[in-house]
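Data first, discussion second: the structure below is written as structure tokens.
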Amino acid sequence: MTLTILKKIIDNLFLLIPLCCILFWAFIALYKDGFTLIPAADFPTFYYVSQLIFTQPDQIYFLEVQPYTYTPFFATVLAPMGLLTFEQAHWFYFFLIIIFTELCLIIFNQILILKDISNRFHRFLILLTLSNGITFVQMFDNLTGRIFTAFGLLWFLKREIKYRKLNKDTNKTSFIFTQMLILVFSIGMTPQYFFLVLLYLFHNVKFNEIFNKAQAKRYLLITASFFILNFMIIIIFIINPTAILNLLGGSYRGERILSIPRSRLTYSYHEENRPRDSVDGLTILILVLSIYFDLSALYINILLLSMVLMSIITIIIHSRGNLTIEQKFAYWALLSLFFFTFTQDRYFVGLLPLIALLFLDYEIVESKKIVIFIKENYLILIPLCSIMIIYFMPPIHYIIRVFPIIIYIPIALLFLRYIFLYLIIVICIILLHKRENQRKEITNNIDII
């Protein structure tokens, strides 16, 4: 028994480094602020809703500090935190985020094993990519809640992959119900990802099967899952129906129109105001066009345009019946970087691990010679490096403070830096897919001969 446990620890030693990396970035977040967590931009909302959810539940959607844009379930889970002082609650939530971030890495490692990536060095490289970067410092600094969505989605996909690999029945009611509960938990923290619920709800379902008995069962299960986890929403609605309207409205934080102030497009604005950089391709493209053209006469709702594009993308992904559920989620995550205006840098902790799943279906060629290893696997290594660079990408105001000479470069290039990295990932996926098809064609020809 002791030898078995010892062997398991030795076999998983490689996992300690990525896990320690998360602790390192948490330490950096503390160190730079003199080991204090106050103020954390996103935390007051979580603290106040934890106090109100069972005393004045309708008021969670009328907060003045910052709107609570999530379903009541998260507030219900956080309720014990409301018994702590404001400062104590900060530390409680800080360590909660650390635990869930570590769990995300552990679950991703389990997914790698399920995907038959047995080489520990290969798993180490992928996990190292997903456990480092300024994004994690910002997460621990602001105490955001996106890591809980990431955890839920990875847990959900691990179960799907495991059941499929073991040839278990994924249409079993108990399995579907559990998956629905996990998905509702995940999307409750990020309602903008409801497209993923649709992808799962209609996974491998043809148009003429939308209203059959089996599908009706799935509709009932997702509805039951939502109200079981969010039972407080019924109470909130009874007390104050307008609170639900605040939930629906708050989830998008206002409309986004095409007209952008000229002042926002300068280095001086970024240096003085230190705004969050836009990271979605659609907003970036409009920012760049606004530098060279006056778009004020065009009254286009960017949010509405984004929602239409993501709806079309979701339909197209669904129509690809040969894709697994993890591939569908991964392609949706990748395309959301280009077209979903909800996407912010804090969302990377959930989106980038999903995108990394796209490279797990391609064989990693083993070689003890580093040059040969890179040459044989560059189409996988380059996008993984791109993902790591995205994690490390600093905001414009930080870049110009560290490297003042940057101001002589057109600011449009700095706006476009995310799109360049997204395109590298897309190009590598296309080339990998093309190479895989060529290999299959050669294999088929050999079999025929």
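The figures here come from the full heavy-atom set of this structure, side chains too, leaving out hydrogens, waters and symmetry mates.
Of the charged side-chain nitrogens involved, at least one lies within less than 4.0 Å of a carboxylate oxygen, so that R164 and E326 count as a salt-bridged pair.
In this pair, F73 and F185 present their aromatic rings perpendicular. The plane angle is above 60°, beyond the 30 to 60° band. Aromatic ring pairs are classed by plane angle as parallel below 30°, tilted from 30° to 60° and perpendicular above 60°; the pair W332 and Y193 is perpendicular. Between F148 and F74, the two ring planes are tilted [angle within 30° to 60°]. The aromatic rings of Y31 and F27 sit parallel to each other, their planes meeting at less than 30°, with 60° as the upper class boundary. Classified by interplanar angle (parallel below 30°, tilted 30° to 60°, perpendicular above 60°), the ring pair F151/F100 is perpendicular. Between Y61 and Y68, the ring planes lie tilted relative to each other; the angle falls in the 30° to 60° range.
Of all heavy-atom pairs between G188 and Y70, the closest is O-CB, 3.2 Å. Taking every heavy atom of both residues into account, T314 and M310 meet most closely at OG1-O, 2.7 Å. In this structure, M232 and I53 approach most closely via the heavy-atom pair CE-O, 3.1 Å. Between L337 and Y422, the shortest heavy-atom distance links the atoms O-CE1, 3.4 Å. Nearest heavy-atom pair, I176 versus T170, reported as atom, atom and distance to 0.1 Å: CG1-O, 3.4 Å. Across all non-hydrogen atoms, the minimal contact from G82 to Y47 is O-OH, 4.3 Å.
Without hydrogens or angle criteria, R123 side chain to I117 main chain gives a donor-acceptor distance under 3.5 Å. Here the side chain of T283 pairs no donor or acceptor atom with the backbone of D280 at under 3.5 angstrom. Although no hydrogens or angles enter the test, the distance criterion places a donor-acceptor pair under 3.5 Å between the side chain of T149 and the main chain of S186. With hydrogens and angles disregarded, a donor-acceptor distance shorter than 3.5 Å links the side chain of T45 to the backbone of Q66. Panel note: side chain E102, backbone I99; no donor-acceptor pair is recorded below 3.5 Å. Using a distance-only test at 3.5 Å, with no hydrogens or angles considered, a donor-acceptor pair links the side chain of Y267 to the main chain of I406. With hydrogens and angles disregarded, no donor-acceptor distance shorter than 3.5 Å links the side chain of S225 to the backbone of V184. The backbone N or O of A40 lies less than 3.5 Å from no partner atom in the side chain of D141, so there is not a single donor-acceptor pair. The backbone N or O of Y347 sits nowhere less than 3.5 Å from a side-chain atom of R146 that would complete a donor-acceptor pair. Side chain of Q327 to main chain of T324: a donor-acceptor pair is present (N/O by atom type, distance under 3.5 Å, no hydrogens or angles).
With hydrogens and angles left out, the side-chain atoms of H270 and R274 include no donor and acceptor closer than 3.5 Å. With 3.5 Å as the limit, one finds a donor-acceptor pair spanning the side chains of R159 and Q179. At a cut-off of 3.5 Å, with distance as the only test, a side-chain donor of T242 or N240 sits close to an acceptor on the other residue.
Side-chain contact check for F140 versus I28: every heavy-atom pair is 4.5 Å or farther apart. Taking the side chain as every heavy atom from C-beta outward, I396 and F415 approach each other to under 4.5 Å. F340 is listed as a side-chain neighbour of F195, based on a closest heavy-atom distance under 4.5 Å.
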- Task: Evaluate the criterion side-chain contact (heavy atoms from CB on, under 4.5 Å) for residue pair F156 and F329; output intermediate values, then yes/no.
- Result: CA-CA 11 Å; F156 170 89; F329 276 30; 3.8 Å; yes

- Item | F94/H90 under ring-ring contact (aromatic ring centres under 6.0 Å, His included): CA gap, chis, key distance, verdict | CA-CA 6 Å; F94 176 77; H90 272 77; over 10 Å; no

- Query: Would F14 and N109 count as a side-chain contact (heavy atoms from CB on, under 4.5 Å) if you check the C-alpha gap in whole Å, the side-chain angles of each, and the deciding distance to 0.1 Å?
  - Reply: CA-CA 11 Å; F14 74 94; N109 180 56; 3.4 Å; yes

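Of the candidates I382, L358, L384, I390, I425 forms a side chain to side chain contact (heavy atoms under 4.5 Å, CB included) with just one, namely I390. Tested against L127, the residues P353, P18, C21 include a single side chain to side chain contact (heavy atoms under 4.5 Å, CB included) partner, P18.
Note: S386 OG to L352 CG = 10.5 Å, rounded to the nearest 0.5 Å. If you take OH on Y398 and CD1 on I134, they are separated by 6.5 Å, rounding to the nearest 0.5 Å. Residue I22 holds its CD1 atom at 5.0 Å from CG of L105, rounded to the nearest 0.5 Å.
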